[in-house]
Each structure stands twice: as C-alpha cells, then as structure tokens.
Protein chains: 2
Amino acid sequence: METRRDIFQAIADPTRRAIIGLIAITAMTPGDLAAHFNTSRQAISKHIKVLVECEVVKQEVSGREIFYQLDINKMKEVDEWLEKYRCLWEKRFDQLENVLEKLKTKKK
Amino acid sequence: METRRDIFQAIADPTRRAIIGLIAITAMTPGDLAAHFNTSRQAISKHIKVLVECEVVKQEVSGREIFYQLDINKMKEVDEWLEKYRCLWEKRFDQLENVLEKLKTKKK
DNA sequence: TATATTTGCAACCAAATAGTAGCAAGTAAG
DNA sequence: CTTACTTGCTACTATTTGGTTGCAAATATA
C-alpha cells in the first residue's frame with residue numbers, strides 16, 4: 001500500500017468535504033472551522049494539513065492567525081477525470097440530439 | 001470515526017479508479033480484471049466488493065462467472081457535488097465573456 | 001463420478017487514517 | 001514583562017484499509 005495524497009483522497013472524507021464547502025465561500029482560520037464541527041480543533045487541523053498537502057487549500061498568514069481558502073485548480077482534476085464518463089450518462093441526450101439533427105436534414 | 005461507504009470512498013483508491021475505467025467499456029469478470037493488475041485476484045475481489053457496496057457496479061451472473069459493469073448513476077453523485085464548485089473555476093471565463101459582451105454592445 | 005476452474009468468504013498482518021492530549025512557538029493585550 | 005490566545009507539531013491509541021493465504025461452494029469438463 002502506497003501513501004496516497006491526491007485530490008481523490010482529500011474528498012474521500014465527509015468532514016473534509018464539509019471543510020471544502022465552508023472555505024469555498026470565505027477564507028477561515030482553523031479555530032473558526034472547528035467551531036462548525038463537533039470534533040476538536042486538532043482533528044480539524046489534521047484535516048487541513050491533508051488538504052494543504054493535496055494543494056486543495058491556499059493559506060494566508062495574518063498575525064497569529066492563518067486563513068485557509070479553497071484552491072479551485074485541484075478541483076478541476078476531479079472534473080477532468082469525470083469528463084471521461086460524463087458522455088455515458090449524457091448518451092440518451094446525445095441520441096435525442098441525433099434524432100433532432102436527422103429531422104432537420106430531412107426537412108432540407 | 002464511522003464506516004464510510006459511498007462513491008467518494010470508492011474513487012479514493014487508484015486501483016478502484018482503474019477498475020472503474022475498465023468496466024466502463026465492457027463487463028468483466030474478477031479474473032479478467034486481475035489479469036490487468038500486478039496484484040492478486042483476491043485483492044481485486046475486495047476492491048470489487050467495495051464498489052458493489054457503494055453501488056458503483058452492477059453484476060450479472062453467467063454460470064460460474066460473474067460479470068461486473070459500471071453503474072453510471074452513482075458517478076453522477078460526484079458530478080452533482082462538483083456542480084456547486086464548477087462556477088468558481090468558470091468565473092474567469094464568464095468574466096471574459098462579459099468583456100466580449102460589452103465590446104459587442106459598444107460596437108452598436 | 002472425478003477433476004479443474006471461478007468465485008466469495010473468513011482469518012490474519014502491516015500500513016494508513018482519524019482522533020486525542022500535551023507542548024512549544026509566535027502573537028496580541030494587560 | 002506577563003498573561004492569554006492561536007496555531008502547528010509530536011507522541012500515542014483505536015479503527016480502517018489494502019493485501020495475502022487458505023478454504024469451501026458452485027459450475028464446467030474429462
């Protein structure tokens with residue numbers, strides 16, 4: 001088993017997905033984030049550490065506080081992976097489009 | 001920590017993503033799948049078990065063989081989750097569109 | 001019937017993960 | 001300067017995960 005540290009690992013945990021949802025809107029400190037969960041500040045800090053290692057978050061130091069915000073670029077990687085499969089569930093729609101296209105050409 | 005068994009857990013492992021990639025095209029047996037990897041058949045079977053529990057794959061029994069194929073519906077869940085964030089990386093593009101739109105109106 | 005193939009399941013092991021507690025460093029406020 | 005606050009880091013523990021081995025059940029083939 002190798003150590004995996006990528007965006008797919010980052011979004012596997014529901015707490016981390018919740019953190020992503022929060023810092024997508026505004027930058028937040030670990031203390032602020034911890035207040036939104038039932039778990040301890042240290043636990044949230046460890047989740048943040050994973051997100052930082054996966055480059056899912058950007059950090060900005062302001063005095064003794066550290067603000068974390070979502071880095072959207074890594075989210076694109078998931079989108080690009082999904083792209084390969086998207087055609088599979090859009091197939092029916094594409095087929096419908098083909099039908100419409102054929103109807104158009106018939107009119108000519 | 002609770003036991004998580006959802007699509008995000010399913011796609012966290014690179015081997016499982018590879019399996020998904022293979023069974024998206026054609027249905028395959030565990031034996032066929034194992035031939036594509038360096039790991040044992042049992043290891044692949046355990047990955048398949050996870051995918052089944054997450055309802056990412058459909059199975060069809062044919063004699064003593066079991067064919068597994070991708071169930072695309074669960075993949076949509078990831079796409080729906082991403083949908084909330086997609087606007088964030090399309091923002092710049094939208095702004096560019098706005099610029100182009102303004103140029104158009106200026107011409108009038 | 002006897003044998004080989006395909007598969008799932010249970011037991012077990014090593015590594016990773018999630019969480020807690022304590023501590024040190026840096027910063028703000030008295 | 002002293003005290004309080006915010007944070008990251010290092011053990012330490014419990015749980016989960018990925019993998020291997022062995023075995024039994026079901027199916028195909030001789």
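Source: prediction; values computed, not measured.
At distances below 3.5 Å, at least one donor-acceptor pair connects side-chain atoms of B:Arg16 with backbone N or O atoms of B:Ala10. Under a 3.5 Å cut-off, the side chain of B:Ser40 and the backbone N or O of B:Ala43 do form a donor-acceptor pair.
Residue A:Arg64 places a side-chain atom within donor-acceptor reach of the base of C:dT27, judged by atom type and a 3.5 Å distance cut-off alone.
Within residues 39-62 of chain B, the residues having any heavy atom under 4.0 Å from DNA chain C are, by residue number, B:Arg41, B:Gln42, B:Ser45.
In this structure, the side chains of B:Trp81 and A:Arg17 come closer than 4.5 Å at one or more pairs of heavy atoms.
Nearest-nucleotide positions on DNA chain C place B:Thr29 closer to the 5' end than the other of B:Thr29 and A:Thr15.
Protein atom CD of A:Gln9 is 11 Å distant from nucleotide atom P of C:dA16, rounded to whole Å. Remark: P of C:dG19 and CD1 of A:Ile19 are 9 Å apart, rounded to the nearest angstrom. The distance from atom CZ of A:Arg16 to atom P of C:dA16 is 15 Å, rounded to the nearest whole Å. Per the geometry, CG belonging to A:Asn38 stands 11 Å off P belonging to C:dG19, to the nearest Å. If you measure from atom CG of A:Asp13 to atom P of C:dT17, you get 11 Å, rounded to the nearest angstrom. We find that CE of A:Met28 is positioned 16 Å from C1' of D:dT7, with the value rounded to whole Å. Rounded to whole Å, atom P of C:dT17 lies 15 Å from atom CD1 of A:Ile11. At whole-Å resolution of the value, CZ in A:Phe37 and C1' in C:dG19 are 15 Å apart.
Applying the 6.0 Å contact sphere to NZ of B:Lys49 captures no more than 12 heavy atoms from other residues, nucleotides or ligands.
For A:Ile66, taking side-chain heavy atoms from C-beta onward, the closest of the listed nucleotides C:dG8, C:dA18, D:dG8 is D:dG8.
For the pair B:Met28 and B:Ile23, the tightest heavy-atom approach, listed with the atom from each and the gap, is CB-CG2, 4.3 Å.
Criterion: ILVMFWY side-chain heavy atoms under 4.5 Å apart, direct or through other members. Under it, A:Val57 and A:Val61 are part of a common hydrophobic cluster.
At the phosphate of C:dA16, neither OP1 nor OP2 sits under 4.0 Å from any side-chain N or O atom of A:Arg5.
When each of A:Leu51, A:Val52, A:Thr29 is paired with A:Tyr68, the side chain to side chain contact (heavy atoms under 4.5 Å, CB included) condition holds for A:Val52 and for no other.
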